[in-house]
There are 2 protein chains.
Amino acid sequence: MAKAQPNADARRQRRGGAELRTAILQAASEIFLEEGYQGASIEAVIEKVGGSKRAIYSHFGGKKELFAALVAEASSTVIGQTSPENIEGKGVSDTLRMFGLQATRVLMAPTTLGLYRAVIAEGMRQPDVAQAFFENGPGRASKGLAQVLEQFQARGAISIKDSQRAAERFIGMLRDDVHLQVVLGLRAPLSEAEIAESVEQAVGVFMHGIAAPPS
Amino acid sequence: MAKAQPNADARRQRRGGAELRTAILQAASEIFLEEGYQGASIEAVIEKVGGSKRAIYSHFGGKKELFAALVAEASSTVIGQTSPENIEGKGVSDTLRMFGLQATRVLMAPTTLGLYRAVIAEGMRQPDVAQAFFENGPGRASKGLAQVLEQFQARGAISIKDSQRAAERFIGMLRDDVHLQVVLGLRAPLSEAEIAESVEQAVGVFMHGIAAPPS
DNA sequence: GTCTATATTGCGATAGAC
DNA sequence: GTCTATCGCAATATAGAC
């Protein structure tokens, strides 16, 4: 009478230590990022993995540590997809567009959305988790973009005082009300076409602003 | 042996129905916005109000309904502070600056931060709460700004295709990584001086972009 | 006060590696 | 066989909705 059928081979095969650890992390991700830290139950994780509760405690120590491990891992994995581009021979707009597309896709991915929700909910109570998330996630992305902007600045292609701040503004535009609505579950994540359109508009504003050109 | 000392007069005074309701909402705000929906306990709210246990259930029905009521109320109250400005005789930059200052102050207020955390955490599980928050909060703010932008557009002061989208971008810039860090508890809310500086920079980018002027 | 959920721990049984 | 990781299950304890 198994409620949710665990992986069929989970019970009969014996997995090596590291393998079980990975399996637990994977299952825990799904549960924690969907239910939130407080809403998640160790029991549910076990059911998914097919092991015993004891395994979790011997591997991680407790619920908190499991959550921390999971966030650190997921933050790094997800954000690796928003790396600074090779900008040889590219213009500012093209570079921003490419970065924007990557970043927005990441922002719309289910894992990222779950991370967002879970970490924001628990940030005040688990500062180390919040720290790990920010540094490996949004922080790294904005630093990467800032570096790129600095190169353009050195070439005289753009005119900014603070490249870090500028990068954060651009990313802020990508994380606007539409993103908030997706985070809140009020609308579906953007399609690839909608992402392209959104990024296009953001690049336009970021490059030239909204002021009417002197006619 | 009261742990947290309830309001001294809470116990001895008998309050009218509406008054009690307000008192409960007030206490619930403090608890829920600090601990999050799942972390909050009805017991704690009762202790703070000092009333009888049944009061909450007869007034609101249950934990969920209390949370919903509280979010609806707080969203409206807080966001009322970011109303569309009277822009008679003002320029675009000045208007954006004023709006930006108001909005950023709201964004940095403890109540707003608590709302953010709690609603984002629960959004997927309580769609009506998410909806109420967004409509009364961020949604209303961006609509207000969009209307103002449209007036400027009509005058030819700015050049945009979609005023709603543009408004969301500006607000997005205000809700950038710095705001995220505050939400996560990784840094203290901005001081008034820092807010002014931040808004100034955002207005600059939004108005003219970062492209180097053709020399 | 009742009842349910759930984190945590203890401990003996067991399966595979060597 | 020994060893180590894991399992399965029971017991404890606490919290919290109603």
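Chain identifiers are assigned alphabetically (A, B, ...) following the order of the sequence lines, protein sequences preceding nucleic acid strands; residue numbering begins at 1 within each chain. No hydrogens, no waters, no symmetry mates; every other heavy atom, side chains included, goes into these values. This one's a predicted model, so the numbers in the text were calculated from it and none came from an experiment.
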For B:Gln26, side chain to side chain contact (heavy atoms under 4.5 Å, CB included) partners two or more places apart: B:Glu30
Listed partners of B:Tyr116 passing side-chain hydrogen bond (donor to acceptor under 3.5 Å, both in side chains), at least two apart: B:Arg175
For A:Lys53, all residues meeting salt bridge (Lys or Arg N to Asp or Glu O under 4.0 Å), sequence neighbours excluded: A:Glu43
Counterpart residues, salt bridge (Lys or Arg N to Asp or Glu O under 4.0 Å), relative to A:Glu192 (two or more places apart): A:Arg105
Of A:Arg54 and B:Tyr37, the one whose closest DNA chain D nucleotide lies more 5': A:Arg54
Step-by-step side chain to side chain contact (heavy atoms under 4.5 Å, CB included) determination, A:Ser198 to B:Arg165: CA-CA 9 Å; A:Ser198 168; B:Arg165 202 67 173 273; 3.2 Å; yes
Nucleotide of D:dA17, C:dA7, D:dT6 approaching B:Ile42 most closely (side-chain heavy atoms): D:dA17
Nearest-neighbour nucleotide for the B:Glu43 side chain, C:dT6, C:dT8, D:dC18 considered: D:dC18
Atom-pair distance (NZ on A:Lys53; P on D:dT12), nearest Å: 15 Å
Between C:dT6 (P) and A:Ile46 (CD1): distance, integer Å: 14 Å
Members of residues 56-69 of chain A that approach DNA chain C, where some heavy atom sits under 4.0 Å away: A:Tyr57, A:Gly62, A:Lys63
Give the table of side-chain donor-acceptor pairs shorter than 3.5 Å for residues 61-68 of chain B, with sequence neighbours excluded, one pair per line with atom names and distance.
residue, atom, partner, partner atom, Å
B:Lys63, NZ, B:Tyr37, O, 3.0
B:Lys63, NZ, B:Ala40, O, 2.9
B:Glu65, OE1, B:Gly62, N, 3.4

Sugar-phosphate, base or nothing in reach of B:Ala40, heavy atoms under 4.0 Å: sugar-phosphate
